[in-house]
Amino acid sequence: MENNNRPTIIDFVEKYTHQFADHTYLREKVDGQWKEITQEETRRTAYRIGAGLMALGLEKGDKIALLSESRSMWILAELGALYAGATDVPLSVNLGADADLIFRIGHSEAKWILVSGNQLPKIRKILPQCPNVKKVIVFDDTAFDYDKLEEKEIRMSEVQKMGDAFLAEREAEFVARYKSVGPDDYANISYTSGTTADPKGILLTHRNYTANVAQGNSVISIDEGDVMLIILPLDHCFAHVAGMYTMMYYGGSIAFVPIGKNSLATLKNVPVAIRETRPHVMLSVPALARNFKKNIESGIKAKGPKVEKLFNFAVKNAIAYNKEYYNRGGLKDCWRKPLMWLFDKLIFKQVRESFGGRMKFFVGGGALLDIELQRFFCAVGMPMFQGYGLTEATPIICANSMGHAIFGSSGRIVRPMDCIICDDQGKEVPIGQKGEIVIRGENVMAGYWKNPEATAKTVIDGWLHTGDMGYICPFDHDFLYVTGRFKSLLIGADGEKYSPEGFEDSLPEVSKYVSQVVLHNNQNPYTVVLIVPEKEALAEFVKQQGLDPATREGKVAMLQKIQSEIDTYKTGGPHADLFPDRWLPAAVIICDEPYTIANQMMNSTMKIVRRKVEEHYADRIAYAYTAEGKQLANEKNLASL
């Protein structure tokens with residue numbers, strides 16, 4: 001320990017939980033009441049859990065899997081495991097009791113499992129296929145209790161009692177254990193969600209995490225005492241760095257959304273959690289951002305046409321004033337500022353009250369955040385700042401922030417860290433030219449667990465090849481633009497490549513008739529688009545045309561409306577500059593079910609899993625490349641509406 005220049009997570013926790021000992025750190029609703037845990041209590045509970053794990057026989061370097069919803073005990077359990085010298089393997093609650101879960105527990109060589117009561121049935125079902133697991137530590141769960149424990153299971157309360165006894169008799173052993181943890185020891189094996197390939201176990205060290213917290217603080221800051229509401233799953237390192245460690249560093253606190261019986265039920269608790277915790281900052285992903293925007297607009301619409309008209313004018317006025325944020329205001333638009341002040345008092349303040357009234361900003365990660373969403377949230381006084389990163393970089397590479405943002409960019413590059421753009425031969429390209437984003441710094445992963453081949457292809461001479469495309473801002477070299485994934489590229493019949501993300505993110509934002517979008521072209525003669533429609537909005541539209549949505553005529557009108565929304569991206573249309581005509585879809589596939597976490601077409605950070613969508617709709621994609629399937633009003637599209 002005492003690694004001043006390269007601190008471990010243990011060093012980090014010791015420093016800040018002493019510095020902010022009496023500050024509230026964790027907030028969780030238990031039996032209808034919000035329970036607060038201070039930083040001091042967090043550290044002491046981690047001691048008890050870590051010592052209890054040692055009493056059970058956990059050795060330094062053992063792998064311990066963690067499967068739980070986001071809650072206080074998630075953080076306490078992981079910190080306890082790290083104090084005991086273990087490597088935590090965080091698992092997504094969206095994994096089923098099937099091969100995906102068995103693979104991760106087996107591949108990681110986990111000997112121990114930490115699990116919530118709600119997730120316990122999954123572990124019980126697969127445990128016979130995980131013979132190396134010694135013990136299953138079950139969180140004491142008031143919301144989802146269980147009758148009795150089975151073989152190999154022990155309650156977390158028992159582990160903590162064992163920890164108390166261990167600390168009373170063998171405290172020196174416990175202290176020696178956590179002081180033996182070094183900066184290059186593995187903190188996590190974090191499995192990728194596999195949006196484009198099979199999951200890999202990403203090795204993140206103690207120093208990876210503490211380095212990235214410091215790097216993140218170079219571009220974004222939190223005020224002491226601020227409350228962050230965590231909606232994103234804690235198994236992802238974005239929530240680790242931007243959430244649990246950053247809030248500990250600044251003396252802030254984390255609040256959790258009350259847990260429902262499944263992911264959807266938990267999401268339904270978000271509005272109440274926002275009202276009751278009144279957060280200052282939230283981590284968001286585009287799917288959540290779109291839902292927040294729809295809820296705001298629905299609330300305004302319910303107040304009547306006059307209020308809706310005034311709101312829309314106020315938003316347009318603010319967007320026109322703010323521009324791309326860095327260039328907001330100016331002489332030409334100075335007359336808009338008094339109007340902004342007036343509309344803020346009349347309308348936007350009420351919108352912010354629905355978010356608790358204290359929201360300063362959102363940090364957007366996961367996927368690319370559409371620029372229109374950024375403009376909207378800035379207009380109402382709750383900016384949503386795009387960031388970018390990936391788990392292999394622990395994860396933050398750049399972020400926009402208050403006073404330092406360019407809408408459309410992914411923000412300022414963190415420091416200290418090197419970032420260059422390379423062509424497909426691995427050579428650095430000039431500023432402003434597109435290529436692969438390549439980085440070097442202490443946040444770069446140690447490698448892929450038990451996969452030296454993939455590691456060697458991804459980390460070359462210390463440089464992490466992200467697989468993402470982007471370019472450095474020509475007029476401010478601190479800012480990075482991310483344009484999409486190399487692996488997601490559309491490949492035309494002539495070999496030309498193009499990134500689909502811009503269109504996929506934009507269409508659901510500009511059209512109220514489209515919910516989700518995936519483009520497909522794998523060396524085919526033309527591009528096809530898979531669309532999840534907003535059926536209620538389409539039905540309302542055709543009714544206004546005097547048609548019955550249930551009839552063939554009504555469904556054809558729905559399809560034509562969707563086509564007209566796509567056509568706005570063609571030359572001469574309002575969105576013509578966003579996507580080249582030659583890459584626009586020539587065929588439309590209407591999907592018969594949305595992309596969700598439950599059907600595995602969306603991952604735990606609400607990113608669409610492209611290969612799962614393409615596998616699920618393989619027959620429809622093949623059909624779209626036939627003469628009949630290319631027709632908009634084909635029988636399969638009609639049947640899907």
Side-chain angles (χ1 to χ4, degrees), residues 286-287 289-294 296-297 312-313 315-325 327 364 367-380 384 386 405-410 434 469-471 473 481-485 488-490 492 496-521 526-534 537-538 540-541 557-591 595 608 610 624 632:
R290 282 191 278 270
N291 282 338
F292 286 146
K293 181 173 181 277
K294 282 181 182 177
I296 291 169
E297 290 173 335
N312 290 337
F313 179 80
V315 168
K316 285 178 183 175
N317 179 71
I319 287 174
Y321 180 84
N322 291 328
K323 302 182 185 70
E324 280 71 50
Y325 190 88
N327 56 353
L368 297 178
L369 189 65
D370 186 82
I371 192 169
E372 295 305 324
L373 278 173
Q374 296 174 56
R375 287 171 174 155
F376 175 85
F377 281 99
C378 188
V380 299
M384 188 168 285
Q386 171 78 48
I406 301 175
F407 291 158
S409 82
S410 289
K434 287 183 184 178
M469 294 195 310
Y471 61 94
C473 178
Y481 283 78
V482 182
T483 57
R485 289 288 296 165
S488 300
L489 292 178
L490 303 179
E496 187 187 0
K497 298 175 182 178
Y498 202 84
S499 175
E501 275 98 343
F503 182 83
E504 291 171 343
D505 294 337
S506 175
L507 183 57
E509 179 54 32
V510 302
S511 173
K512 66 179 181 179
Y513 303 106
V514 174
S515 176
Q516 294 167 306
V517 176
V518 167
L519 286 177
H520 174 86
N521 190 335
Y526 50 85
T527 302
V528 301
V529 62
L530 296 96
I531 284 179
V532 176
E534 288 283 5
L538 286 166
E540 189 177 325
F541 168 76
M558 290 183 191
L559 290 170
Q560 289 171 340
K561 183 60 181 172
I562 289 172
Q563 184 63 60
S564 71
E565 299 292 285
I566 294 169
D567 290 346
T568 63
Y569 291 83
K570 290 183 177 178
T571 301
H575 309 299
D577 58 336
L578 296 179
F579 209 70
D581 277 17
R582 65 186 177 281
W583 285 108
L584 289 172
V588 175
I589 297 169
I590 301 299
C591 299
Y595 316 140
I608 294 169
R610 184 177 303 280
L632 178 66

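These numbers come from a predicted model, not from an experiment.
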Next on the checklist: Quick one, F579 with Y569, criterion ring-ring contact (aromatic ring centres under 6.0 Å, His included). Give me CA distance, side-chain angles, the key distance, then yes/no.
Outcome noted: CA-CA 7 Å; F579 209 70; Y569 291 83; 7.5 Å; no
Taking salt bridge (Lys or Arg N to Asp or Glu O under 4.0 Å) as the definition, give me every residue that meets it alongside R290, ordered by chain and number, with sequence neighbours left out.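 With neighbours one apart ignored, the set is empty.
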> Using 4.0 Å as the upper bound for N to carboxylate O, is an ion pair formed by K294 and E534?
Replying inline: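 Salt bridge: yes.
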Point to revise | Cationic N near anionic O, under 4.0 Å, E372 to R375 | key: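 Judged by the 4.0 Å cut-off on N to carboxylate O distance, E372 and R375 do form a salt bridge.
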To the nearest 0.5 Å, what is the distance between [atom1] on [X] and [atom2] on [Y]?
| X | Y | atom1 | atom2 | answer |
| --- | --- | --- | --- | --- |
| H575 | F503 | NE2 | CZ | 10.0 Å |
| I589 | H520 | CD1 | NE2 | 8.0 Å |
| F541 | K561 | CZ | NZ | 4.5 Å |
| R610 | L530 | CZ | CG | 10.0 Å |

Contact summary for [X] and [Y], nearest pair of heavy atoms:
| X | Y | value |
| --- | --- | --- |
| A318 | A379 | CB-CB, 3.6 Å |
| L584 | T527 | O-CB, 4.1 Å |
| D370 | E509 | OD2-CG, 3.3 Å |
| I531 | Y595 | N-OH, 4.2 Å |
| N327 | E324 | OD1-N, 2.9 Å |
| A289 | L369 | CB-CD1, 4.0 Å |

How about NZ on K512, more than 12 heavy atoms from neighbouring residues, nucleotides or ligands closer than 6.0 Å, or not?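 No, the 6.0 Å shell around NZ holds no more than 12 heavy atoms from other groups.
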(message) Surrounding NZ of K434 (heavy atoms of other residues, nucleotides or ligands, distance under 6.0 Å), is the total greater than 12?
(response)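 No.
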Going by the side chain to side chain contact (heavy atoms under 4.5 Å, CB included) test, name the single residue among L519, V517, V528 that passes it with P585.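 So, applying the side chain to side chain contact (heavy atoms under 4.5 Å, CB included) to P585 and each of L519, V517, V528, only L519 qualifies.
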Quick one: which of I562, V514, L559 gives a side chain to side chain contact (heavy atoms under 4.5 Å, CB included) with P533?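 Testing P533 for a side chain to side chain contact (heavy atoms under 4.5 Å, CB included) against I562, V514, L559 leaves exactly one candidate, I562.
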- Message: Less than 4.5 Å apart, side chain to side chain, heavy atoms only: is that true for E501 and T483?
- Response: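 No - every pair of side-chain heavy atoms lies 4.5 Å or more apart.
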I'd like to check the ring pair (Phe, Tyr, Trp, His ring centres under 6.0 Å) partners of F377; sequence neighbours left out, ordered by chain and number.
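Listed in chain order: F362.
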Quiz item: In this structure, which one of Y325, Y481, F376 forms a ring pair (Phe, Tyr, Trp, His ring centres under 6.0 Å) with F407?
Solution: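 Filter result, single survivor: Y325.
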* To do: Could you tell me which residues satisfy side chain to side chain donor-acceptor pair (under 3.5 Å) with N322, sequence neighbours excluded, listed by chain and number?
  =>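 N322: no side chain to side chain donor-acceptor pair (under 3.5 Å) contacts found.
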